[in-house]
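One structure is given below, encoded as structure tokens.
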Amino acid sequence: IPLVARSDSLSAVIVVRRESPLRTVSDLTEKTVALPPAVAAVSYLTKLTLLEAGLNLEEEIEFKHMKGHDSALHLLLIGDVDACGVAPGPLQVFEAKMATRFRVLAESERISSPLFVAHSRVPENTRDLIKKKLLEIPFSAAANALLGSGEKPFLPVVDSDYDVIRSINKKISVKQ
């Protein structure tokens, strides 16, 4: 059951090495793209962006799903893949840590950010208390560094706020 989400939105960026000859998403035909786990929202967003560019996800692209954003970006850095789909935040951290820069080919649509959830077995009054406490967290310098700028680190959400992810999943599943 959704409780709160980060106050910023989430997107995926498709990046290549700076010296890559690839210039558009369409250039990824017959290429390999590294992604975080298949169930990650960023993976869905990347695939939707490729699909909307007219690419056949099953026949024209090879996907390598990794354990996380860093692993996917590392494959791109060492040249084992042609492109990578990741969230902008982890991309910035990786670039700073590795003293490198990638080139962005495309950015996906934006959706509600990752969220805190509770299992349905957690009593409603406990869920409400957790939600209340998370929404009371003041926006501090530490929260800004971790979550990005905003007035509040978290916003209340309901399950239907994530229908867009379900819709993306259906689009991707039907077209593959």
Side-chain angles (χ1 to χ4, degrees), residues 1-15 25 33-53 55 57-58 61 63-75 84-97 104 106-176:
I1 297 173
L3 300 177
V4 299
R6 290 180 13 191
S7 58
D8 60 343
S9 59
L10 175 69
S11 68
V13 288
I14 300 172
V15 296
V25 174
V33 177
L35 295 169
V39 297
V42 167
S43 293
Y44 286 107
L45 290 170
T46 300
K47 289 178 180 181
L48 180 63
T49 302
L50 296 170
L51 187 63
E52 289 175 341
L55 297 174
L57 302 183
E58 194 170 276
I61 304 282
F63 293 105
K64 286 192 177 184
H65 287 282
M66 306 305 291
K67 289 185 178 182
H69 295 262
D70 280 0
S71 300
L73 286 163
H74 187 259
L75 285 183
C84 185
V86 294
L91 172 63
Q92 291 172 352
V93 170
F94 185 88
E95 287 177 330
K97 182 172 63 175
V104 175
E107 184 169 0
S108 74
E109 68 178 78
R110 295 187 162 278
I111 60 169
S112 295
S113 271
L115 65 158
F116 282 88
V117 297
H119 194 280
S120 59
R121 290 187 304 243
V122 175
E124 186 175 359
N125 63 339
T126 303
R127 293 192 312 257
D128 290 343
L129 178 62
I130 293 168
K131 185 175 187 172
K132 180 180 182 290
K133 292 297 181 186
L134 287 168
L135 291 172
E136 289 174 355
I137 293 174
F139 208 79
S140 64
N144 185 42
L146 179 63
L147 302 172
S149 61
E151 292 181 21
K152 292 231 171 228
F154 302 109
L155 299 171
V157 291
V158 294
D159 187 70
S160 61
D161 292 337
Y162 292 84
D163 285 346
V164 66
I165 295 291
R166 294 177 186 99
S167 173
I168 290 170
N169 184 34
K170 285 180 185 175
K171 287 178 189 175
I172 292 169
S173 297
V174 167
K175 299 290 183 179
Q176 282 191 22

Distance col, row F94:CZ vs D70:CG, nearest 0.5 angstrom, shows 6.0 Å
- Message: Taking the basic N atoms (NZ, or NE/NH1/NH2) and the acidic carboxylate oxygens, is any pair closer than 4.0 Å for D163 and K170?
- Response: no
Inset, instruction - Check whether any side-chain heavy atom of V15 lies under 4.5 Å from a side-chain heavy atom of E107, and answer yes or no. - result: no
* Measure the shortest side-chain to side-chain distance between S9 and I111 over non-hydrogen atoms and say whether it is less than 4.5 angstrom. => no
Closest heavy-atom pair, A5 versus V157, reported as atoms and distance to 0.1 Å, is CB-CG1, 3.5 Å
V25 and A106 have their tightest heavy-atom pair at CG2-CB, 3.3 Å
Check: E109 and I168 side chains under 4.5 Å, non-hydrogen atoms = yes
Heavy-atom nearest pair, P88 first then S11, reads CD-O, 3.3 Å
In terms of heavy-atom contacts, S43 and A38 come closest through CB-O, 3.9 Å
Just checking E136: does its CD atom have more than 12 heavy atoms from other residues, nucleotides or ligands closer to it than 6.0 angstrom?
yes
Minimal heavy-atom distance between I172 and Y44, with the atoms involved, is CD1-O, 3.2 Å
### Query
Mind checking whether I1 and E124 have side chains closer than 4.5 Å, heavy atoms only?
no
If you apply the rule side chain to side chain contact (heavy atoms under 4.5 Å, CB included), what do you find for K47 with L35, and how did you get there? CA-CA 9 Å; K47 289 178 180 181; L35 295 169; 3.8 Å; yes
Next on the checklist: Please check this pair: side chain of R127 against backbone of L3, looking for a donor-acceptor N/O pair closer than 3.5 Å.
Outcome noted: no
Any side-chain heavy atom of K131 within less than 4.5 Å of one from P156?
yes
So do L57 and F63 actually touch side chain to side chain, heavy atoms under 4.5 Å?
yes
NZ (K171) and CD (E52) are apart, to the nearest 0.5 Å, by 6.0 Å
### Query
Tell me, do K64 and L75 make a side-chain contact under 4.5 Å, heavy atoms counted?
yes
Here the gap from T46 atom OG1 to L51 atom CG, rounded to the nearest 0.5 Å, amounts to 12.0 Å
The reported gap from CD1 in I130 to CZ in F116 (rounded to nearest 0.5 angstrom) is 10.0 Å
Minimal heavy-atom distance between P90 and L73, with the atoms involved, is O-CD1, 4.0 Å
Next item on the list: Could you tell me whether the side chain of V42 reaches within less than 4.5 Å of the side chain of H69, counting heavy atoms only?
Entry: yes
The single option from L50, T49, L48 that satisfies side-chain contact (heavy atoms from CB on, under 4.5 Å) with S108 is T49
request  = State whether the side chain of H65 and the backbone N or O of P36 hold a donor-acceptor pair below 3.5 Å, judged by distance alone.
outcome  = yes
